[in-house]
Amino acid sequence: MLAGKHILLGITGGIAAYKTPELIRLLKAAGAEVKVVCSPQALEFVTPLTLSVVSGNPVVHALYDPNSGEWINHVNLALWADLIVLAPFTVNSLSALVQGKTENAVLVATLCARCPVILVPAMDHDMWVHNTTQRNILQAKELGYHIIEPDYGSLASGLVGHGRMPEPEALVIHLTLFKKLKPWWLGKRFLVSSGGTREALDPVRFISNRSTGKMGVALAEAASVNGAHVTIIRTKGSKIPTLKGMECIEVETALEMQTAIQERAENYDVIGMAAAVADYRIANVNTQKIKKTSEGFPTFDWIENPDILKSLAFKKRNYLLLGFALESKQSLEQAKIKFEKKGVDVLALNTLDNSGAGFEVDTNKVTLITSDSTHELELKSKTEIALEILNFVATCTIKSR
Ligand code: CTP
């Protein structure tokens, strides 16, 4: 999705500059063309040689060439870019930017931009929370700059707090998803479940399924990057890292998931049930580890789990409900029956007979079903599918009860 994009990376003088060669490498691997402009202070942390080798382009770090006296055309550099990313962006650079100062090549190129500019501030905690910085951030937003907020974690000072530049992988996800959803999503509250629930047999064993939670995470990330307030209810054991900037609640069983969702549901505009919820659980969970004996196999009494999606659907509600269906045969027919039975507004059907779709893969093939339409999407990455689903949801309405 970044293929062919021209990205101008502006690096200023903070310790997080050490992460930029890896960021450039990942952007290039995603198909983007990257050019780099640096402030003189940035070169105390990362060398122009490294940056030019990884980007495959010369690095601009001055306003003119001191040897020849030749002026460097920063205007062209800015006009070349489809997107300008300033990372790391120091407290000093932020202050200069909002005042319209042009004291180095990064600021000059940024002031010439006609494309979106994303600031990735990185600094120590106390600088980040300082009123002056927060005022400058607010002003930068008013001036039309986009901000990727710093992460919480260990800082160069030895303190722990807000101010870390997000890791390159997370930045690439953010840049990939940036401005890809309809503005409808801006400020919307989105609750999404993901992963397979676990139902205990005893203290060490459980029954689960092959869901990795990738689809739910892709939905959560796409909505969050595009301005929605996101809560993800994910199951334990899900290994996929989620982006910062969203509320993340961990549950284990179907009952825990039901409680977590029901107590929040009314606060959301859209609820997506991407989790693979176990239909049954064990009634007589052993409190001790089940021992192997010669007296036959252990037996269990099964009990039905609540259908979370259905219980969210059939009531007077203000949230739009997105359900998922996994079918292995007569898929569309079965999904249409499920659509009615579950009472959702949109049902996203995954079929197991499509290679490249379903569990433990990065791609998916989905058909979107509403009361009066059926849309078959192409096989695509889960990220692209998530964007298509959410853009489709933005055009839907809540069924009146
Ligand atoms: N779902 C739910 N609660 C359950 C079971 C499923 O909320 N106890 C939700 C899933 O999150 C999904 C949708 O219902 O959004 C359909 O799930 P799926 O596994 O396809 O269908 P089931 O309802 O389990 O029916 P079946 O297994 O018979 O296909």
Side-chain angles (χ1 to χ4, degrees), residues 190-200 206-220 223 231-236 238 249-265 268 270-283 302-315 317 319-354 357-360 364-371 374 382 385-386 389-390 392-393 396 398-399:
F190 180 43
L191 178 70
V192 61
S193 66
S194 90
T197 59
R198 292 171 169 183
E199 307 298 335
F206 59 82
I207 292 178
S208 189
N209 56 63
R210 294 165 65 145
S211 169
T212 55
K214 282 184 181 170
M215 197 62 235
V217 168
L219 288 161
T231 300
I232 181 165
I233 312 250
R234 55 191 296 183
T235 53
K236 268 189 189 142
S238 195
I249 292 159
E250 209 172 59
V251 296
E252 185 154 26
T253 64
L255 288 180
E256 283 175 21
M257 182 169 279
Q258 184 192 35
T259 306
I261 292 176
Q262 277 184 347
E263 65 193 17
R264 293 173 173 79
Y268 291 85
V270 181
I271 301 182
M273 276 297 295
V277 184
D279 289 328
Y280 306 101
R281 66 181 185 277
I282 309 296
W302 295 90
I303 182 169
E304 196 170 338
N305 271 330
D307 190 321
I308 306 171
L309 188 59
K310 212 165 149 183
S311 66
L312 288 168
F314 289 100
K315 55 166 148 177
R317 55 182 164 90
Y319 46 80
L320 204 139
L321 198 53
L322 163 69
F324 283 78
L326 182 67
E327 303 295 341
S328 55
K329 56 180 185 200
Q330 297 164 316
S331 306
L332 190 56
E333 199 182 313
Q334 289 298 320
K336 285 187 172 168
I337 296 170
K338 201 172 268 181
F339 173 81
E340 292 301 336
K341 203 171 82 182
K342 298 270 185 177
V344 291
D345 304 303
V346 189
L347 188 75
L349 159 70
N350 301 279
T351 41
L352 280 179
D353 41 349
N354 283 305
F359 296 130
E360 296 167 345
N364 208 359
K365 176 103 177 62
V366 161
T367 302
L368 296 171
I369 300 166
T370 66
S371 51
T374 303
K382 286 188 174 164
I385 291 286
I389 292 176
L390 296 180
F392 184 79
V393 163
C396 296
I398 301 168
K399 272 184 194 166

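In each ligand, atom 1 is the first atom listed, and ligand 1 is the first ligand listed.
- Looking at atom 21 (O) of ligand 1, its nearest protein heavy atom turns out to be Lys338 NZ, 2.8 Å.
- Counting protein heavy atoms only, atom 7 (O) of ligand 1 is closest to Leu309 N, 2.8 Å.
- Looking at Ala276 next to ligand 1, no N or O pair under 3.5 Å apart turns up.
- Put simply, the side chain of Asn209 gets close to the backbone of Ala276: a donor and an acceptor are under 3.5 Å apart.
- Regarding atom 6 (C) of ligand 1, its nearest protein heavy-atom neighbour is Lys342 NZ, 3.7 Å.
- Contact annotation: the side chain of Leu332 approaches that of Ile369 to within less than 4.5 Å [non-hydrogen atoms, C-beta and beyond].
- A salt bridge is defined here as a Lys NZ or Arg NE, NH1 or NH2 lying under 4.0 Å from an Asp or Glu carboxylate O, and Glu250 with Lys236 fails to meet this definition.
- From the protein, the heavy atom lying nearest to atom 3 (N) of ligand 1 is Ile308 N, 3.1 Å.
- A donor-acceptor pair is defined here as one N or O able to donate and one able to accept, closer than 3.5 Å; such a pair exists between the side chain of Thr197 and the backbone of Ala278.
- Closest protein heavy atom to atom 13 (C) of ligand 1: Phe324 O, 2.9 Å.
- Contact of the Asn305 side chain with the Glu199 side chain is registered, since non-hydrogen atoms from C-beta on lie closer than 4.5 Å.
- Across Leu390, Val366, Leu219, Leu368, a single residue satisfies side chain to side chain contact (heavy atoms under 4.5 Å, CB included) together with Ile385, and that is Val366.
- Inclusion of Pro306 in the set of residues having an N or O under 3.5 Å from an N or O of ligand 1 is warranted.
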Does the salt bridge (charged side-chain N to carboxylate O under 4.0 Å, His left out) test come out yes or no for Arg317 and Asp345, once each step is laid out? CA-CA 12 Å; Arg317 55 182 164 90; Asp345 304 303; 2.8 Å; yes
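- When only interatomic distances are considered, the shortest N/O to N/O separation between Gly323 and ligand 1 does not fall below 3.5 Å.
- With respect to atom 24 (O) of ligand 1, the closest heavy atom belonging to the protein is Asp279 OD1, 2.9 Å.
- Contact of the Ile308 side chain with the Met273 side chain is registered, since non-hydrogen atoms from C-beta on lie closer than 4.5 Å.
- In this structure, atom 11 (O) of ligand 1 lies nearest to the protein heavy atom Ala275 O, 2.7 Å.
- Annotation for ligand 1: atoms under 4.0 Å from non-hydrogen atoms of Ala325 are 20 (O).
- Counting protein heavy atoms only, atom 15 (O) of ligand 1 is closest to Met273 O, 2.7 Å.
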